[in-house]
Protein chains: 2
Amino acid sequence: MAKDMTLLWGSGSVPSWRVMIMLEEKQLQGYNQKLISLQKKEHKTQEVLDINPRGQLPAFKCGKHILNESYAACFFLENQYKSQGTKLIPDSPDAQALMYQRLFEAVPLYQKIVEIVLYNYRVPEGERHDSAVQRNKEGLTAELKLWEGYLNKTDCCLAGKEFTLADVVFFPSATFLFRLGLSSERYPALTKYYNSLKDRPSIKATWPPHWQTSPGSDMLKTI
Amino acid sequence: MAKDMTLLWGSGSVPSWRVMIMLEEKQLQGYNQKLISLQKKEHKTQEVLDINPRGQLPAFKCGKHILNESYAACFFLENQYKSQGTKLIPDSPDAQALMYQRLFEAVPLYQKIVEIVLYNYRVPEGERHDSAVQRNKEGLTAELKLWEGYLNKTDCCLAGKEFTLADVVFFPSATFLFRLGLSSERYPALTKYYNSLKDRPSIKATWPPHWQTSPGSDMLKTI
């Protein structure tokens, strides 16, 4: 079945990484894949647009089905391959409720990271304000305070002892934060979470290649 | 079971409305509920913060479980009450894939609406630029073009003939667009979609009260 799947992905694209972790967890190795250069703007080429009209990565085709939104791909794969690989939606109502809540709180977290990282890309020079940058950083700081609190109360994973869909989507964001210079000392619970999962096979196998070979930035070191 | 549920909601809050439609579809009427005034900033009161530390609406408690993110509440309710009320996740892989893809594309759509509606609220006066407002409007126009295309290809609902979770989350945004003055003539597929669902019992029963009695704006009339 993996042979019917095609993934166009970007190195360091958090949504791409989510889908790649998901495919590993569901034992769907062997899919067709192509690394698309975000730097060269290859995500705006016809090859990507044919699958993803938004010109974003990932662009993912699963048989005849198109699932470009990373959450959509994750849910679809979990549903279609329920009994294959890791079971990623827990049965117990307690774990399930917590899993869904964290899974969708990961949306505003990622938005807040992106607002900072892409500020200069999205906002033309004449419209930029230091006060806006500062406000975005404060927004992320408040957001991370919530996550420190959540992670302080859990075992290894976001919804308890088991690795779930919430971790599939959240872990790449957590890693991105540290690559952007987030302080391990100021965020001990996030650091502990990161360390407990970074060597998980699905994660190691799909680590963004250029993150392994090139240094990150210190954009978030004051946060 | 509905008696164990408490929903704090705002009139005209799209995420609140999603959860209310969901509760109707799953025949969970009779839950405890309280209308919170967004205008009076009651969503920042302790009553809301006790359930939703983000100080946002909805704040939703389902027994002992907290599900404040509207998508989390929808997924949890669908999973816990699979055989009660409307089945909102289709079984067929075709409909399911389309449903998940549209469900999660509704996230950037709503973000783009909010960027415009809350611009003056979020951006301090000294940082405002007409060019930013214009760019936000162009972003929404491009987004709506995608949705017109999608809706042109479907039957009544987003994933085909059946009403699904994708409609639960998307319909309130569609209605919000028209309340903000979106042109029915320029968006005929969206208008047809709106008309085909606006009298659905779950939707009619939960229509934001102040949208029935007060006029909307013309903020989006040029889009």
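In what follows, chains carry the letters A, B, and so on, assigned in the order in which the sequence lines appear, proteins first and then strands, with residues in each chain numbered from 1. It should be emphasised that the depicted structure is a prediction, and the values quoted were computed from it without experimental measurement.
Looking at A/His65 and B/Gln96, their side chains never come closer than 4.5 Å, going by heavy atoms from C-beta outward.
What you find for B/Gly126 and A/His129 is that their closest heavy atoms are O-CE1, 3.7 Å. Closest approach of B/Pro53 and A/Tyr150 over heavy atoms only: CG-OH, 4.3 Å.
At a 4.5 Å heavy-atom cutoff, the contact between B/Leu146 and chain A is made by side-chain atoms alone. In this structure, chain A has a heavy atom under 4.5 Å from the side chain of B/Arg135, while its backbone stays farther away. Of the two parts of B/Arg128, neither the backbone nor the side chain holds a non-hydrogen atom closer than 4.5 Å to a non-hydrogen atom of chain A.
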B/Glu143 and A/Arg54: CA distance, side-chain angles, deciding distance, side chain to side chain contact (heavy atoms under 4.5 Å, CB included) verdict: CA-CA 9 Å; B/Glu143 180 73 34; A/Arg54 294 177 183 272; 2.8 Å; yes
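Looking only at distances, a side-chain donor or acceptor of A/Gln101 sits under 3.5 Å from a matching main-chain atom of B/Asn68. The backbone N or O of B/Tyr100 lies less than 3.5 Å from no partner atom in the side chain of A/Glu69, so there is not a single donor-acceptor pair.
With values rounded to the nearest 0.5 angstrom, B/Leu67 atom CG is found 10.5 Å from A/Phe104 atom CZ.
Contacts from residues 11-30 of chain A to chain B, taken as heavy-atom pairs separated by less than 4.5 Å, involve no residues at all.
Applying the 6.0 Å contact sphere to NZ of A/Lys44 captures more than 12 heavy atoms from other residues, nucleotides or ligands. B/Glu42 CD: more than 12 foreign heavy atoms inside a 6.0 Å radius.
For the options B/Asn79, B/Leu98, B/Ile89, heavy-atom pairs under 4.5 Å to chain A are most numerous at B/Asn79. Between chain A and the options B/Gly63, B/Pro93, B/Ala132, B/Gly149, heavy-atom pairs under 4.5 Å are most frequent for B/Pro93. Annotation: maximal heavy-atom pairing with chain A below 4.5 Å, among B/Cys62, B/Pro124, B/Ser70, B/Ala73, occurs at B/Pro124. Most heavy-atom pairs under 4.5 Å with chain B: of the set A/Arg102, A/Lys64, A/Glu105, this distinction falls to A/Glu105.
Ring pair B/Phe75/A/Phe75: centre-to-centre distance below 6.0 Å.
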